[in-house]
Participant: 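Encoded as structure tokens, here's the structure I'll be asking about.
Source: prediction; values computed, not measured. We're numbering straight along the sequence, starting at 1.
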Amino acid sequence: MALKWYTVVVDCRDPQAQARWWAEALDWTVVYDTPEEAVTVPRFALEGPEHESDLDAWMRRGQGLVFVPVPEGKEVKNRLHLDLAPHTSQDRDTEVRRLLDLGATHVDVGQTETDTFTVLADPEGNEFCVLSSRDG
């Protein structure tokens with residue numbers, strides 16, 4: 001099968017600001033920026049030819065985030081969210097503080113103190129989780 005998950009599209013008020021925020025949060029880069037959409041991808045996705053001729057290598061290349069403008073604001077909890085995880089060599093709490101310093105906010109979606117994840121929201125209120133550190 002040669003069908004791959006290519007991007008996640010996020011509706012937002014300010015695509016350029018959202019793309020810059022997520023690029024900073026994930027250490028990615030903004031590769032496309034127009035009034036109609038802004039795209040950020042992992043830095044390693046820029047390595048090699050843009051249109052990978054090797055199907056296996058193309059299928060392994062990571063997904064991007066696309067931000068598109070919509071007139072309405074976010075009103076309810078997302079039905080889909082991203083889970084981020086630091087590597088075991090990184091300090092999870094430091095990563096959470098870094099995201100908060102960038103403008104993320106804590107969100108209560110019913111999690112408990114025993115949960116091993118932290119729920120945050122980006123500057124436009126889209127929820128995401130920071131999981132416990134992982135090595136795989």
Side-chain angles (χ1 to χ4, degrees):
M1 181 170 128
L3 184 63
K4 78 177 269 184
W5 167 25
Y6 199 71
T7 60
V8 172
V9 178
V10 180
D11 292 348
C12 55
R13 294 264 186 159
D14 188 342
Q16 289 68 36
Q18 283 291 91
R20 286 190 306 272
W21 190 88
W22 279 98
E24 179 75 17
L26 297 171
D27 193 26
W28 287 11
T29 189
V30 176
V31 294
Y32 186 77
D33 189 357
T34 70
E36 293 78 33
E37 73 178 357
V39 179
T40 185
V41 299
R43 292 183 189 281
F44 67 84
L46 301 176
E47 298 170 2
E50 181 178 340
H51 300 287
E52 185 69 57
S53 58
D54 176 0
L55 179 59
D56 288 335
W58 182 79
M59 292 296 285
R60 286 190 304 273
R61 186 169 286 174
Q63 294 74 27
L65 292 170
V66 177
F67 300 90
V68 297
V70 295
E72 69 276 359
K74 182 180 173 301
E75 296 184 21
V76 298
K77 180 180 172 291
N78 292 5
R79 292 190 67 171
L80 173 74
H81 71 266
L82 301 178
D83 281 347
L84 309 179
H87 187 265
T88 53
S89 66
Q90 305 300 303
D91 182 69
R92 182 191 167 286
D93 293 338
T94 298
E95 288 300 317
V96 169
R97 279 192 301 279
R98 184 181 69 82
L99 293 166
L100 291 167
D101 289 346
L102 287 174
T105 55
H106 281 282
V107 177
D108 182 358
V109 295
Q111 66 272 30
T112 68
E113 289 188 23
T114 60
D115 288 326
T116 60
F117 58 88
T118 300
V119 183
L120 301 175
D122 71 16
E124 287 204 13
N126 298 299
E127 299 91 2
F128 63 95
C129 292
V130 180
L131 306 176
S132 57
S133 298
R134 316 277 164 110
D135 64 0

Participant: So if I apply the salt bridge (charged side-chain N to carboxylate O under 4.0 Å, His left out) rule between E127 and each of R79, K74, K77, which one comes out positive?
Facilitator: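 The single option meeting the salt bridge (charged side-chain N to carboxylate O under 4.0 Å, His left out) with E127 is K74.
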Participant: I'd like to know whether L120 forms a side-chain contact (heavy atoms from CB on, under 4.5 Å) with T118, so could you lay out the CA-CA distance, the side-chain angles of the two residues, the decisive distance to 0.1 Å, and finally the verdict.
Facilitator: CA-CA 6 Å; L120 301 175; T118 300; 3.9 Å; yes
Participant: Do T29 side-chain atoms and V31 backbone N/O form a donor-acceptor pair below 3.5 Å?
Facilitator: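 No; judged by distance alone, with no hydrogens or angles, the pair does not exist.
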Participant: Run H87 and R134 through side-chain contact (heavy atoms from CB on, under 4.5 Å) and show every step you take.
Facilitator: CA-CA 5 Å; H87 187 265; R134 316 277 164 110; over 6 Å; no
Participant: Can you find a heavy atom in the side chain of V30 that is under 4.5 Å from one in the side chain of V39?
Facilitator: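 Side-chain contact under 4.5 Å: no.
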Participant: State plainly whether the residues E95 and R98 are in salt-bridge range, i.e. N to O under 4.0 Å.
Facilitator: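 Yes.
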Participant: Find out whether F117 and V119 are in side-chain contact, i.e. whether some heavy atom of one side chain is under 4.5 Å from a heavy atom of the other.
Facilitator: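 Side-chain contact under 4.5 Å: yes.
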Participant: Quick one: does R92's side chain have a donor or acceptor within less than 3.5 Å of a partner on V130's backbone?
Facilitator: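 Looks like yes, one N/O pair under 3.5 Å.
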Participant: With side-chain contact (heavy atoms from CB on, under 4.5 Å) as the test, would you mind laying out the steps for R43 and D27 before giving the verdict?
Facilitator: CA-CA 8 Å; R43 292 183 189 281; D27 193 26; 3.1 Å; yes
Participant: Please say yes or no: joined through hydrophobic side-chain contacts below 4.5 Å, possibly via intermediate residues, are L26 and L100 part of one cluster?
Facilitator: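 Shared cluster, yes.
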Participant: Treating Ile, Leu, Val, Met, Phe, Trp and Tyr as nodes and any side-chain heavy-atom pair under 4.5 angstrom as an edge, say whether L82 and Y6 lie in one connected cluster.
Facilitator: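 No; Y6 is not reachable from L82 via cluster members.
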Participant: Just do the side-chain contact (heavy atoms from CB on, under 4.5 Å) check on Q90 and S133 with the steps written out, would you?
Facilitator: CA-CA 7 Å; Q90 305 300 303; S133 298; 5.6 Å; no
Participant: Mind checking what makes salt bridge (Lys or Arg N to Asp or Glu O under 4.0 Å) contact with R13, not counting sequence neighbours?
Facilitator: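 Partners of R13 under the salt bridge (Lys or Arg N to Asp or Glu O under 4.0 Å) test: none.
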Participant: Do the side-chain N and O atoms of D122 and W22 include a donor-acceptor pair separated by under 3.5 angstrom?
Facilitator: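 Looking only at side-chain atoms, W22 and D122 do form a donor-acceptor pair, the distance falling under 3.5 Å.
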Participant: In the hydrophobic clustering (ILVMFWY, side-chain contacts below 4.5 Å, transitive), which residues join L80, or is it alone?
Facilitator: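 Answer for L80: none, a lone residue.
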Participant: Cut-off 3.5 Å, no hydrogens considered: what does the side-chain donor-acceptor table look like for residues 102-110, sequence neighbours left out?
Facilitator:
residue	atom	partner	partner atom	Å
D108	OD1	G110	N	2.8

Participant: Do the non-hydrogen side-chain atoms of V68 and P15 ever get within less than 4.5 Å of each other?
Facilitator: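 Sidechains of P15 and V68: no contact.
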Participant: Is there a donor-acceptor pair closer than 3.5 Å between any side-chain N or O of Q16 and the backbone N or O of T34?
Facilitator: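 Yes; judged by distance alone, with no hydrogens or angles, the pair exists.
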Participant: Quick one: are T7 and Q63 in side-chain contact, heavy atoms under 4.5 Å?
Facilitator: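 Contact flag for T7/Q63 side chains = no.
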Participant: Treating Ile, Leu, Val, Met, Phe, Trp and Tyr as nodes and any side-chain heavy-atom pair under 4.5 angstrom as an edge, say whether F128 and F67 lie in one connected cluster.
Facilitator: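 Yes.
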Participant: If we ignore angles and hydrogens, is there a donor and acceptor under 3.5 Å between the side chains of R20 and T40?
Facilitator: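 Absent: no donor and acceptor within the cut-off.
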